[in-house]
Amino acid sequence: MLKTQIEYDEMLSVLGRRLQPNAIRKLTLLLGSKEVISLAAGAPSFETFPIEELADISARVIRERGRFALQYGPTRGQGALVEAVAAILRARGIKDCTTSQIVMTSGSQQGLDLIARIILDPGDVAMVELPSYIGGIIALHNAQAQMIGVRQDDGGMVISDLREKIDRARSEGRRVKCIYTIPNFQNPSGVTLADERRKELIEVADEHDLLIIEDDAYYDLYFADDPSRLVPLAALRPDRVIYLGTFSKVLAPGLRTAWLRAPDLLAGKVELAKEGADLSSSVLDQAIVIGAISDGLIERRLPELRRFYRVRCAAMLDALERFAPPGSRWTKPIGGFFILMELSAGSDATAMLPDAIESGVAYVPGQPFFVDGSGANTLRLAYSKESEESIADGVERMCRVFKHSNAQARV
Ligand SMILES: Cc1ncc(COP(=O)(O)O)c(C=O)c1O
């Protein structure tokens, strides 16, 4: 009887052995059954789910279109949905977007996984932001890519640092293949790539002949009145950019319905890779999303969703202003779910987490988001889940723990 990890490890691929538990999932174990204010959960608030409307649409779809909605479907996705997504992308400025460039995916997460698999060989280099989205890091890690982190400031990726690091990697003989970026209201930092840097980023990709993976999961959740400054990189340089978007944040992540847009030839490769992964994304879920789009449900709710998260973000910024320990700073998002807090140098956000949980509040320590192992004094705060009152209460409790720990460090 085979029993030990080592015995099974010998039967696994290199990748199988490399698979690691996600640091954020581990946090859930730490939380146990304790009731805490969660500034950790990076998901949309369930209060935003249009439950009754989706119940009606689901029943209608199954009754009226069950013969199709419950059947296998095309790998690229349901025709009506692919058309709708192409129209959404044209409205975002990707002018010539056609259906042949779109592949529907089971969440953007699947899109990231498929893209990583078709463009990266083991050892190839992907440039990523410091910090970056944990799911993107996992997808790149699983493709056995090496990741090089690029510094960010309040304007997003620092382009001089990107240039320098690509030059250095190339001079060491490493094969740099792509740049992975989340330009709008980044997860986990909340920062947005500055206008002029969008063009510069494309220039760097042009100079080094790199692909750009543009993960725009939060695009619709901007707080200002209009999104005109959020020009997708894919609008500037469609032949070099693979653009990912999702219905998770504006409808419901449980529907696992997202898309990617790539130049035709790459979209064809993604389709082939997807066939091996799941044949197609859930046809039923896609049919429900089509229903939500044609009923105008998504469009109608967007202003309210933006207000919902804007108010929560303001509550968190206000609480940080009032309670944060001296020497700390934090980002000021213009959309999305997240704020990155940076504590004074030498602080350890992971070490303070058990005390914070004991005090009734949870956050995500920032270090796992930094592929170079830095960021020990940072943490990700999500304002998406809790009410304004709980956010203020949670931030106060958390900051009390940080201040107490600072005071202890001084004695
Ligand atoms: C930046 C980013 N990309 C992709 C995803 C995955 O979204 P989906 O639900 O579409 O898989 C998330 C989810 O949190 C995210 O924050």
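Atoms within a ligand are numbered from 1 in the order they appear, just like the ligands themselves.
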Polar pairs, ligand 1 vs protein, N/O only, below 3.5 Å.
from, atom 1, to, atom 2, distance (Å)
ligand 1, 3 (N), D215, OD1, 3.1
ligand 1, 3 (N), D215, OD2, 2.7
ligand 1, 9 (O), S248, OG, 2.6
ligand 1, 9 (O), R256, NH1, 2.8
ligand 1, 10 (O), S108, N, 2.7
ligand 1, 10 (O), T246, OG1, 2.7
ligand 1, 10 (O), S248, OG, 3.3
ligand 1, 11 (O), S108, N, 3.0
ligand 1, 11 (O), Q109, N, 3.0
ligand 1, 11 (O), R256, NH2, 2.9
ligand 1, 14 (O), Y218, OH, 3.4
ligand 1, 14 (O), K249, NZ, 2.8
ligand 1, 16 (O), N187, ND2, 2.8
ligand 1, 16 (O), Y218, OH, 2.6

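The shortest side-chain heavy-atom distance between L255 and S248 does not fall under the 4.5 Å cut-off. Residues S45 and T48 form a side-chain contact, since some pair of their non-hydrogen atoms from C-beta on lies under 4.5 Å apart.
The list of ring pair (Phe, Tyr, Trp, His ring centres under 6.0 Å) pairs with a residue in residues 231-256, not counting sequence neighbours, reads F247-W259. Screening residues 152-208 for ring pair (Phe, Tyr, Trp, His ring centres under 6.0 Å), with sequence neighbours left out, gives no hits.
The salt bridge (Lys or Arg N to Asp or Glu O under 4.0 Å) check on E321 picks up nothing, with sequence neighbours excluded.
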The test is side-chain hydrogen bond (donor to acceptor under 3.5 Å, both in side chains); show your working for R306 and Y222 and say whether it passes.
CA-CA 6 Å; R306 291 177 189 129; Y222 50 85; 3.1 Å; yes

